[in-house]
**Student:** 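One structure, pasted below without further comment.
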Amino acid sequence: MTTALTTGSVTVLGLDPGSRVTGYGLVREASGALTLVAAGTIRTESLATSDLAGRLGLIFKGVTRIMREYPPDEAAVENVFGGKSVASALKLGQARGAALAALASGDIPVFAYEPTKVKKSLVGAGRAEKTQVAFMIAQLLGSRQKFAADATDALAVAVCHLNHRRFLRMGGTG
């Protein structure tokens with residue numbers, strides 16, 4: 001497998017896990033320039049509400065398919081934040097676990113970021129609105145394409161990770 005060390009570029013798979021919709025976004029950085037590779041969603045809404053195991057399986061298979069189609073060098077995943085209820089937070093954590101298991105099965109290094117860190121990295125404010133994040137993603141990637149909110153969030157996580165990597169390299173610690 002070609003790596004970021006041999007090509008001078010790195011491709012990051014960003015994930016915004018959810019039990020009904022998991023957003024994904026792939027961004028490549030080469031010589032400081034960002035390029036949109038792909039973005040979309042893994043939808044599990046068609047399954048019966050009680051079939052959580054089936055949904056988790058679809059998330060695992062979806063992330064695995066994306067890794068085969070667009071091999072990433074690294075992955076960035078949004079951390080789980082407190083949900084509306086304990087039950088929804090548990091489901092969100094399980095969806096995140098299915099995505100992490102798929103990444104681990106592909107030997108992809110995984111990095112996790114808090115939603116507020118992602119927003120601050122892109123907009124400069126940890127409590128930024130989703131519309132502000134979407135605007136910055138479009139500007140940074142030079143894209144006029146409209147993405148689902150979950151895909152935009154996933155792209156934001158990927159760009160946040162690339163910003164973090166760049167910061168560490170500049171400081172001599174990455």
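Basis for what follows: all heavy atoms, side chains included, without hydrogens, waters or symmetry-related copies.
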**Student:** Kindly indicate, with the supporting measurements, whether the criterion side chain to side chain contact (heavy atoms under 4.5 Å, CB included) is fulfilled by Arg165 and Phe111.
**Tutor:** CA-CA 11 Å; Arg165 287 178 95 254; Phe111 301 85; over 6 Å; no
**Student:** Roughly how far, to the nearest 0.5 Å, is the CD atom of Glu114 from the NZ atom of Lys120?
**Tutor:** 13.5 Å
**Student:** Is there a side chain to side chain contact (heavy atoms under 4.5 Å, CB included) between Leu15 and Val157 once you walk through the steps?
**Tutor:** CA-CA 7 Å; Leu15 291 172; Val157 176; over 6 Å; no
**Student:** Crowded around Phe135 CZ? As in, over 12 foreign heavy atoms under 6.0 Å?
**Tutor:** no
**Student:** Looking at Asp73 and Thr11, would you say the former's side chain and the latter's main chain have a donor-acceptor pair under 3.5 Å?
**Tutor:** yes
**Student:** Taking the side chain as C-beta and beyond, is there a heavy-atom pair between Thr44 and Ile59 under 4.5 Å?
**Tutor:** yes
**Student:** Taking Ser143 for its side chain and Gln145 for its backbone only, find out whether a donor-acceptor pair lies under 3.5 Å.
**Tutor:** yes
**Student:** Leu34 and Leu162: side chain to side chain contact (heavy atoms under 4.5 Å, CB included), yes or no, with the steps?
**Tutor:** CA-CA 9 Å; Leu34 300 178; Leu162 289 165; 3.7 Å; yes
**Student:** Please check if the number of heavy atoms outside Arg28 that lie under 6.0 Å from its CZ is greater than 12.
**Tutor:** no
**Student:** To the nearest 0.5 Å, how far apart are CD1 in Ile108 and CG in Leu13?
**Tutor:** 8.0 Å
**Student:** Between Ser121 and Asn163, is a side-chain hydrogen bond (donor to acceptor under 3.5 Å, both in side chains) present by the stated rule, with each step listed?
**Tutor:** CA-CA 7 Å; Ser121 170; Asn163 288 342; 3.0 Å; yes
**Student:** Is there a path of hydrophobic side-chain contacts, each under 4.5 Å between heavy atoms of I/L/V/M/F/W/Y residues, joining Val21 to Val133?
**Tutor:** no
**Student:** Let me know which of Ile66, Leu36, Thr35 forms a side-chain contact (heavy atoms from CB on, under 4.5 Å) with Leu26.
**Tutor:** Ile66
**Student:** Considering residues at least two apart in sequence or located in another chain, which fulfil the side chain to side chain donor-acceptor pair (under 3.5 Å) criterion with Lys130?
**Tutor:** Asp153
**Student:** Determine, step by step, whether Arg96 and Asn79 satisfy the side chain to side chain contact (heavy atoms under 4.5 Å, CB included) criterion, reporting the C-alpha distance in whole Å, the side-chain angles of both residues, the deciding distance to 0.1 Å, and the verdict.
**Tutor:** CA-CA 8 Å; Arg96 188 174 183 275; Asn79 274 334; 2.8 Å; yes
**Student:** Do Thr64 side-chain atoms and Phe60 backbone N/O form a donor-acceptor pair below 3.5 Å?
**Tutor:** yes
**Student:** Below 4.5 Å, heavy atoms only, C-beta onward: do Val63 and Tyr24 meet side chain to side chain?
**Tutor:** no
